[in-house]
**Student:** 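Handing you a structure now.
Proteins come first, then strands; the chains are lettered A, B, ... in the order of their sequence lines, and each starts at number 1.
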Amino acid sequence: MQDYLKGLNEPQREAATHINGPLMIVAGAGSGKTKVLTTRIAHLMANGIDAFNILALTFTNKAAAEMKERVEKILGNNEARNLYIGTFHSVFARILRAEAPRIGYPNNFTIYDTDDSRSVIKTVVNELNLDDKLYKPNVVHNRISSAKNALVGPDEYANDYYLQQEDMRANRPALAQVYKAYQVRCFKNGAMDFDDLLFKMYELLRDFPEVLHKYQHKFKYILIDEYQDTNPVQYQITKLLAAVNENICVVGDDAQSIYSFRGATIENILQFQQDYDDVKVIKLEQNYRSTQSILNVANEVIKNNKGQLPKSLWTENAHGEKIKLVRTMTDNDEGKYVADTIQEQKLRNHYHNKHFAILYRTNAQSRSYEESLRRMGIAYRIFGGISFYQRKEIKDFISYLRVIVNTRDEEALKRIINYPIRGIGKTSVEKIVIFANDQNITFWDVLTRASEFGFKAGTLEAIQNFVTMIRYFQSMLEQKNAYDVAVQVGKHTNFVKELFNDKSTEGLARYENVQELLNSIKEFTESPDNEDGEVGDKTLGAYLQQITLLTDADEKDENADVVKLMTIHAAKGLEFPVVFVGGLEETLFPNAMSINTREELEEERRLFYVAVTRAEKHLFLTYANARYRFGSLTQNEPSRFLDELPETFLDRTYAGGGARNQTSNMGSAFARMHRGFEGNTQFSNASRQAPKSKTSALPTGLTSKPPQTVQHIPSKDFVPSDTTNLQEGQKVEHQKFGYGLVTKLEGSAHNPIATVKFELNGEKKIMLNYAKLRIVE
DNA sequence: TACCAGGAGGTTTTT
DNA sequence: CCTCCTGGTA
């Protein structure tokens with residue numbers, strides 16, 4: 001037996017050594033799926049299959065990179081760089097780059113990110129004289145995007161009775177026209193959006209038999225990761241590609257399907273066995289990642305979903321600690337709790353920053369964690385959110401590069417034509433657009449023929465200088481690589497100097513960002529092979545093609561010793577020794593947008609399942625009674641998912657003494673008591689000051705402490721003391737319970753517990769690691 | 001044409 | 001709380 005098969009369990013080995021014919025691997029969370037996939041690729045190659053004939057599709061660049069790296073390690077040579085491993089989007093972009101002229105696009109077509117798409121939609125909506133209050137760019141974009149993912153083109157859209165009815169009802173009868181106009185404009189701009197990369201790829205294969213034939217024979221073996229997250233376009237494309245050889249291997253877990261908003265459908269994985277004859281199905285059910293407690297909690301929760309593929313995930317790992325359920329007053333307290341606990345865990349269990357992950361439902365939640373981590377001096381990094389490439393200065397700079405490579409790109413042109421300021425203002429731009437539309441020529445064409453359109457002398461000169469400059473950059477493309485061109489752009493446009501002269505903090509940051517961008521371009525030109533493993537293509541075009549498809553999460557320094565913050569979506573496929581899942585509150589998680597149908601709610605639950613199964617050793621689930629949202633305090637019920645957790649594996653010590661923390665029927669009692677504050681009642685900004693002011697009438701639901709507690713107003717300069725050497729008999733002040741005397745000290749050194757007799761609230765046990773106590777004397 | 005102040009409106013998740 | 005857009009002024 002080959003070495004690389006050692007250490008695989010029976011089903012894993014069976015999957016890895018399967019060579020010909022369709023194969024479906026149902027892989028539970030943490031069951032060694034990546035290991036199986038990489039081993040299988042290595043095994044194919046060890047059996048004489050050429051790397052050039054293997055295609056592996058993933059959902060993130062990171063997963064692709066990891067896969068390639070691991071195959072390389074197993075094989076111990078450079079053959080792996082000939083594999084076609086990448087995301088659906090990047091692999092198709094690369095193929096489209098080669099084949100684009102067939103469908104009327106330039107090889108150097110631009111890839112529009114979401115912001116670009118929305119901006120095009122905005123223009124198109126205006127040009128059609130439609131109300132942009134009704135045709136909101138993001139709404140329209142979502143609609144168009146879903147259509148494309150479902151293989152519905154503009155014409156099918158216009159002719160679909162059901163879709164038309166929907167748009168009528170939503171007061172957007174012209175949506176089909178917008179869709180059409182949007183496509184026309186993108187085409188005119190020589191640009192494809194994210195969804196086009198899939199849709200056009202499908203059209204290419206559908207309409208050009210010779211192209212289909214070529215790729216069917218190139219990709220004799222196809223592997224698809226996270227198959228449960230594929231949407232109909234992706235499904236059709238892979239079906240076409242695999243039709244001849246039928247050597248298609250899909251890996252997925254229906255319990256982890258969390259991308260239906262992007263058009264993904266579990267149907268694809270359920271359907272797979274019908275699509276091909278003799279599908280071999282292998283289940284990976286042994287989990288190697290998590291403790292039994294964690295796994296049991298996960299299994300118990302997912303049971304509440306209907307229609308799962310039957311499987312039972314088990315582990316030989318130790319029981320481990322119970323899952324900690326933690327309730328705090330506000331989101332800020334939640335942040336503090338997490339930061340404190342990280343500090344404590346680092347000391348107690350010798351963890352490093354990099355062993356922690358903080359996961360949340362929405363990007364906006366990162367703020368409170370950030371603040372606390374920063375205050376504690378704990379290094380962290382946020383993955384996702386606004387990506388580096390979406391920053392204004394970076395987009396502006398890249399727009400220059402985009403124009404140089406593809407002058408049809410109107411979006412990019414509009415961004416840079418007056419940045420840095422050169423006297424071509426809004427009015428001139430509007431004129432240019434009108435001329436372009438009238439004559440049915442591109443924006444750039446108007447610029448090159450500016451003298452024909454009667455601009456004012458000053459404006460004309462500015463336009464001509466701009467054109468000359470861009471042409472100068474283009475002329476450099478032939479001899480110079482991407483980096484050299486970019487440097488020239490920075491110098492020649494005064495772009496870099498402009499930022500350099502801005503000495504404000506933000507200006508400095510912008511300057512540094514552009515420098516970082518230049519560095520990354522340099523790195524690209526100097527790296528021996530690009531991300532697809534293809535040697536040699538160091539042109540600006542090649543650089544731009546990959547840049548739009550990069551995400552923040554793809555950035556390298558894997559081993560940087562930082563706490564990782566990200567959404568649960570972004571965390572899929574990852575694992576961490578200690579995981580915090582925050583914001584377990586109704587309207588947040590499950591999100592208010594996703595509780596209207598059973599399907600939506602089940603997807604939220606799968607998301608929760610994904611979150612829980614990221615943890616290896618320790619799992620903390622936290623929720624806050626109230627959090628700041630839109631600048632005002634919002635009150636939420638604990639998440640319904642918390643009611644689904646099995647008691648046996650839970651530690652509620654930290655869940656505080658109120659709401660739904662002992663038994664689930666307490667919850668309804670609490671709810672009954674506070675009728676009127678159920679759901680998410682919003683309080684005005686004014687009530688934010690409430691706790692400080694004696695006169696303000698505090699809404700009952702807001703305090704959320706046990707009803708018998710007498711409210712204490714901490715002194716204005718309340719600062720928690722260091723309680724390491726706290727002695728019995730000392731007088732202390734607690735933020736909520738007021739003044740009291742320490743009557744007893746117990747607990748371990750890392751988790752000391754003080755018993756305090758409070759003047760107003762009686763005797764309480766206080767965990768010194770978490771509570772804020774000020775020593776009075 | 002450029003810049004600033006003031007106001008409205010927006011939070012789901014991502015390639 | 002934030003960002004984006006508008007409309008007024010220099």
**Student:** I want to verify a distance call: between C:dC4, B:dG10, B:dT13, whose nearest atom is closest to the A:K136 side chain?
**Tutor:** B:dG10
**Student:** Could you give the CD1-to-P distance, from A:I417 to B:dA2, as a whole number of Å?
**Tutor:**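 Going from CD1 in A:I417 over to P in B:dA2 covers 12 Å.
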**Student:** Does the gap between the ring centers of A:H569 and A:F261 come in under 6.0 Å?
**Tutor:**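 Yes, ring centres under 6.0 Å apart.
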**Student:** Would you please classify the geometry between the A:F608 ring and the A:F641 ring as parallel, tilted or perpendicular, with 30° and 60° separating the classes?
**Tutor:** parallel
**Student:** For A:I595 and B:dT13, what is the distance between atoms CD1 and P respectively, to the nearest whole Å?
**Tutor:** 16 Å
**Student:** Closest approach to the side chain of A:I421, judged atom by atom: which nucleotide of B:dT11, B:dA2, B:dT15 is it?
**Tutor:** B:dA2
**Student:** Just how far, in rounded Å, is P of B:dT14 from CD of A:Q234?
**Tutor:**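 One finds 16 Å between P of B:dT14 and CD of A:Q234, rounded.
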**Student:** If you check the A:R262 side chain, which of B:dT11, B:dT14, C:dC4 turns out closest?
**Tutor:** B:dT14
**Student:** When we call it a touch if two heavy atoms are under 4.0 Å apart, what does A:K133 touch: a base, just sugar-phosphate, or nothing?
**Tutor:** nothing
**Student:** Would you say A:Y227 and A:S257 are linked by a side-chain donor-acceptor pair, where the criterion is simply a distance under 3.5 Å?
**Tutor:** no
**Student:** Applying a 4.0 Å non-hydrogen cut-off, can you work out what A:F88 is touching in the nucleic acid: base, sugar-phosphate, or nothing?
**Tutor:** nothing
**Student:** I need the CG-P distance between A:D115 and B:dT14, as an integer number of Å.
**Tutor:**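 It is 14 Å, rounded to the nearest whole Å.
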**Student:** With a non-hydrogen cut-off below 4.0 angstrom, is A:N418 in contact with a base, only sugar-phosphate, or nothing?
**Tutor:** sugar-phosphate
**Student:** If the threshold is 4.0 Å, N to carboxylate O, is there a salt bridge linking A:E602 and A:R598?
**Tutor:** yes
**Student:** Within the structure shown, what part of the strands sits under 4.0 Å from A:N138 by heavy-atom distance: base, sugar-phosphate, or nothing?
**Tutor:**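 Counting heavy atoms under 4.0 Å across all strands, the contact made by A:N138 is with sugar-phosphate only.
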**Student:** Which nucleotide wins on minimum distance to the side chain of A:H89, given the candidates B:dT14, B:dT15, B:dT11?
**Tutor:**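 For A:H89, the side-chain atoms sit closest to B:dT15.
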**Student:** Let me know, please, whether A:K456 or A:T567 comes out on the 5' side of the other along DNA chain B by nearest nucleotide.
**Tutor:**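 Nearest-nucleotide comparison on DNA chain B picks A:K456.
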**Student:** Does A:R367 or A:D132 map to a spot on DNA chain C nearer the 5' end, using the closest nucleotide for each?
**Tutor:** A:R367
**Student:** Start at the 5' end of DNA chain B and walk down; is the nucleotide closest to A:H141 or to A:M593 reached first?
**Tutor:**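 First, find each residue's nearest nucleotide; the 5'-ward one identifies A:M593.
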**Student:** When we call it a touch if two heavy atoms are under 4.0 Å apart, what does A:T114 touch: a base, just sugar-phosphate, or nothing?
**Tutor:**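 Contact class for A:T114: base.
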**Student:** What about A:Y419 and A:F495, are their ring centers closer than 6.0 Å?
**Tutor:**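 Ring centres of A:F495 and A:Y419 closer than 6.0 Å.
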**Student:** Let me know the distance between CD of A:E370 and P of C:dC1, rounded to the nearest Å.
**Tutor:** 16 Å
**Student:** Rounded to the Å, how far apart are A:K395 NZ and C:dC4 P?
**Tutor:** 12 Å
**Student:** Whole Å only: how far is the CG atom of A:D229 from the P atom of B:dT14?
**Tutor:** 13 Å
**Student:** Under 3.5 Å, side chain of A:N268 to main-chain N/O of A:Y235, donor-acceptor pair present?
**Tutor:** no
**Student:** Starting from C1' on B:dT14, measure out to CD on A:E603 and report it in whole angstrom.
**Tutor:**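 Atom CD in A:E603 sits about 12 Å away from atom C1' in B:dT14.
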**Student:** Between C:dC4 and B:dT13, how far is it from one C1' atom to the other, in whole Å?
**Tutor:**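 My reading of the C1' atoms in C:dC4 and B:dT13 gives 23 Å.
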**Student:** Compare the ring of A:F261 with the six-membered ring in the base of B:dT13 and state whether they stack (centres under 5.5 Å, planes under 30°).
**Tutor:** yes
**Student:** Mind checking if A:N363 touches a base, just sugar-phosphate, or nothing, with heavy atoms under 4.0 Å?
**Tutor:**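 Touches sugar-phosphate only.
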